[in-house]
Participant: 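I'd like to ask some things about the structure below.
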Amino acid sequence: MRAILRLLCAATLIGSLANAGSAMAEEPTAIESRVESLLAQMTLEEKIGQLIQLSNVGDTTGPLPDDEARRRNMELVKAGLIGSMLNVVGVEEVRIVQDYAVNNSRLGIPLIFGFDVVHGHKTSFPIPLGEAASWDLELIEESARIAATEAAAQGLNWTFAPMADISRDPRWGRVMEGAGEDPYLGAEIAVARVRGFQGRDLSRPDTIAATVKHFAGYGFSESGRDYNTVDFSSTTLFNVVLPPFRAAVKRANARTVMNAFNIVNGIPSTGNTFLQREILKGEWGFDGFVVSDWASGLEMINHGFAADEHEAARLAMQAGSDMDMESSIYLEHLQDLVENGDVSLELIDDAVRRILRVKYELGLFDDPYRYLDEGREAAVLLSLENLAAARKVAERSIVLLKNDDHLLPLKGGEKVALIGALAADEDSPLGNWRAMSEADSAVSVVDAFEAAGIDFTYAEGAVLEIGSAGFPDPVVVNAEDRSGFSEAVAAARGADKVVIVLGEDARQSGEGRSRTRLGFPGVQQELLEAVTEANPNTILVVMSGRPLVLSWADENLPTIVQAWHLGSESGHALTNVLIGKYNPSGKLPMSFPRSVGQVPVYYNHFNTGRPDEIPDVFWSHFTDEKNTPLYPFGHGLSYTSFAYSDLSAVPEGEIYSVEVTVANTGQVAGEEVVQLYIRDRAASVVRPVRELKGFQKILLQPGERKALRFSLGPDELGFYNGDGEFLVEPGMFDIFVGGVSTAELSTSFSYEPR
Ligand code: BGC
């Protein structure tokens, strides 16, 4: 019988304590006593007011409030019966509303202003999934830092980001907002983003509170259909869904958490006591506050969990959903519920304390106008430095999927045909959660080619979208107009090489943008085939908010580049990669399927009882498709090549020290993301065939070699069982190191926990 060691990860605990105060300038005890003395002065109505968040009228992600609602909202603010507003942006706007709160209400409690600053604010950075492909934690932190600086300069104190939802389903449009399919990478990135937003001192006027969302499991919507049912095992919950949230809360001290629209184990997240009270606030010791997702409390009626609004308010409050976003269930029902004894005053006080605490930490009580400075707003929003940073992140987010005939990099003197509506698009690269980036403000590939002096002809080929959809509008795809094909084909014929840019409009991914077909929308596939026939030296650049199915392109084209929606500097970043000014280094944070029927297809799956080594009818397979993805997690090429050797794993106390040598065996300098995977061969709960447990991004000159060291200890070798207990078990482990999740270099060791 195997000995089982239950570990309360001491290392993680110590880490979290060290970081606990990092987002605060004022001593926690001083804040606590200020919170208590304010709480003691508040009426029940005022307390409930702090638990209510309303949206500015006009900018919404849900059903629209009308003008009457705006008037009512402002009356409530003046009466001190609102704790927060979302979608009020800009120093002037925020000042008006903050004035109402501070100068009219009895206690003058400042509002906290939230907004979806998801991938940049004014300066647009690559969509989070694209940025995750950089595997560059410092840059990711910097990008969040810059977004925070810009958002704070516009009077905001709080972003609803990062989204830490793991997802294995590219049909779900919101994969663009997360860090992909892996809990380890997802946790590291969530930590980097929270640190970037919150900085070291939350009270500084250039830092904002982060929100880890959506707690929990929203990325597992059945069939990738947004807002759909979620149903997974508790081992998936503990090992896959929760780790990024836990890391963001415990390691980076995320000050707020947003719950989710979906159910978990039959209970809506907003009414889920187990998730919010037991795990988050109990086990993880979270002392910030939980905000509901947009009217998610009210939606518990549609779920069939609450009979009416009254009950929805009771269930949400009892379960630990502290602030209600936009639904009014707290506004209308909490007072009554408390007075009737259905909700205890202690629960209300606990929620109010949490919200006041964060407001104190932000420095809003010392100066409610701290974030409001017109001069700073103007200066920050014009920053060229931020654009330079956005270009750097964008270059590092691009993934070279395929480069068989070395068509890339483009060489000077080559005549290029640049084809595709997305090549001239100055809007789509801004992505779907573009905050305050101006429409049509991205650098297009056409403009960047001109700036780089490339000898090229541009042909649109086909319009992608008819009209131009905004955030809440459906996209109308061109499915008929092929009138530009002949010009594109002629341009392709007359060129040495073709660069064709295809994919999705910005509004085809994001919230409410689920898709069942993952090929190129509209007539783009036909255009691709016509152009490739005219000139086989065709380089495909894919702009999309999700992994698309690229099987035809993979079979028929030598070169494919994945370019996501790269933000303000999109065209320059892409051009720098295409001409070799920047050697691509991105690696996929999510597997690319061969066909939609394979979905979900992800690298860290279980082996099953009939794994794919058995060449027989009765093994776990498809009769018409391979089991493997087209491009696996971690995949990404470079203009140079890397060789891995000398892998060893040596015990050092409770830790295994893993060493490996990586060499640049090509002709140019390049960055490589060195990835370490483990496999626990047998455990009391089956473990995936591979799990990422470490990575390092390194730069190597041609011919240069570097020895790298990783360590594997109980934190990496353990796992959660279905009861949420963390187990570290003895047994054989395989490790794999390389530049992709299918890396072959491996060794094994036998582990004996102490
Ligand atoms: C989304 C959240 C977002 C909120 C506020 C909701 O529809 O699910 O992620 O933060 O709207 O805009």
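Each ligand, and each atom within it, is numbered from 1 in the order the structure gives. Residue numbers start at 1 and run along the sequence shown.
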Participant: Could you tell me if any non-hydrogen atom of His214 lies under 4.0 Å from any atom of ligand 1?
Facilitator: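 Within the 4.0 Å threshold, so yes.
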Participant: Of the side chain and backbone of Met163, name the one, both, or neither that has a heavy atom under 4.0 Å from an atom of ligand 1.
Facilitator: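 No part of Met163 is near ligand 1 at this cut-off.
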Participant: Could you tell me whether ligand 1 has any atom less than 4.0 Å away from a heavy atom of Phe115?
Facilitator: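 No, that is not the case, since the closest heavy atom of the residue is not under 4.0 Å from the ligand.
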Participant: Does an N or O from Glu511, backbone or side chain, lie closer than 3.5 Å to an N or O of ligand 1?
Facilitator: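 Yes, there is a polar N/O contact under 3.5 Å.
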Participant: Does His303 have any ring pair (Phe, Tyr, Trp, His ring centres under 6.0 Å) partners at least two apart in sequence or in another chain, and if so, which?
Facilitator: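 Per chain and number, His303 pairs via ring pair (Phe, Tyr, Trp, His ring centres under 6.0 Å) with no residue.
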Participant: For Phe160, counting its heavy atoms only, list the atoms of ligand 1 lying under 4.0 Å from any of them.
Facilitator: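 Near Phe160, meaning under 4.0 Å from one of its heavy atoms, ligand 1 has 10 (O).
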Participant: Establish, from distance only, whether the side-chain atoms of Lys359 and Gln50 form a donor-acceptor pair under 3.5 Å.
Facilitator: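 Present: a donor and an acceptor within the cut-off.
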Participant: Before giving the answer on side-chain contact (heavy atoms from CB on, under 4.5 Å), spell out for Leu337 and Leu334 the whole-Å C-alpha distance, their side-chain angles and the decisive distance to 0.1 Å.
Facilitator: CA-CA 5 Å; Leu337 284 162; Leu334 264 191; 4.2 Å; yes
Participant: Using side-chain contact (heavy atoms from CB on, under 4.5 Å) as the criterion, point out the one residue from Asp287, Val249, Leu362 that pairs with Arg255.
Facilitator: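 When Asp287, Val249, Leu362 are each tested with Arg255, the side-chain contact (heavy atoms from CB on, under 4.5 Å) holds only for Asp287.
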Participant: What atoms of ligand 1 come within less than 4.0 Å of a heavy atom belonging to Met258?
Facilitator: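 Heavy-atom distances to Met258 below 4.0 Å select 2 (C), 10 (O).
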Participant: Using distance alone, with no hydrogens and no angle criterion, decide if Ser397 and Trp564 have a side-chain donor and acceptor under 3.5 Å apart.
Facilitator: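 Not at all, the side chains of Ser397 and Trp564 share no donor-acceptor pair under 3.5 Å.
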Participant: At a non-hydrogen distance cut-off of under 4.0 Å, which region of Leu86 contacts ligand 1 (side chain, backbone, both, or neither)?
Facilitator: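 Within the 4.0 Å criterion, Leu86 contacts ligand 1 through side-chain atoms alone.
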Participant: Any heavy atom of Arg174 closer to ligand 1 than 4.0 angstrom?
Facilitator: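 A heavy atom of Arg174 does come that close to ligand 1.
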Participant: Before accepting this row, confirm whether a basic side-chain N of the pair Arg434/Asp427 lies closer than 4.0 Å to the acidic partner's carboxylate O.
Facilitator: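 Between Asp427 and Arg434 there is a salt bridge, with a charged N closer than 4.0 Å to a carboxylate O.
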Participant: Purely on distance, is any nitrogen or oxygen of Trp433 under 3.5 Å from one on ligand 1?
Facilitator: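 Between Trp433 and ligand 1, no N or O pair is found under 3.5 Å apart.
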Participant: Evaluate Met323 against Val290 for side-chain contact (heavy atoms from CB on, under 4.5 Å), listing each step before the verdict.
Facilitator: CA-CA 6 Å; Met323 184 181 275; Val290 176; over 6 Å; no
Participant: I'd like to check whether Lys213 has a polar contact with ligand 1, where a contact means an N/O of the residue lying under 3.5 Å from an N/O of the ligand.
Facilitator: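 Yes - when backbone and side-chain N and O of Lys213 are compared with those of ligand 1, one distance drops under 3.5 Å.
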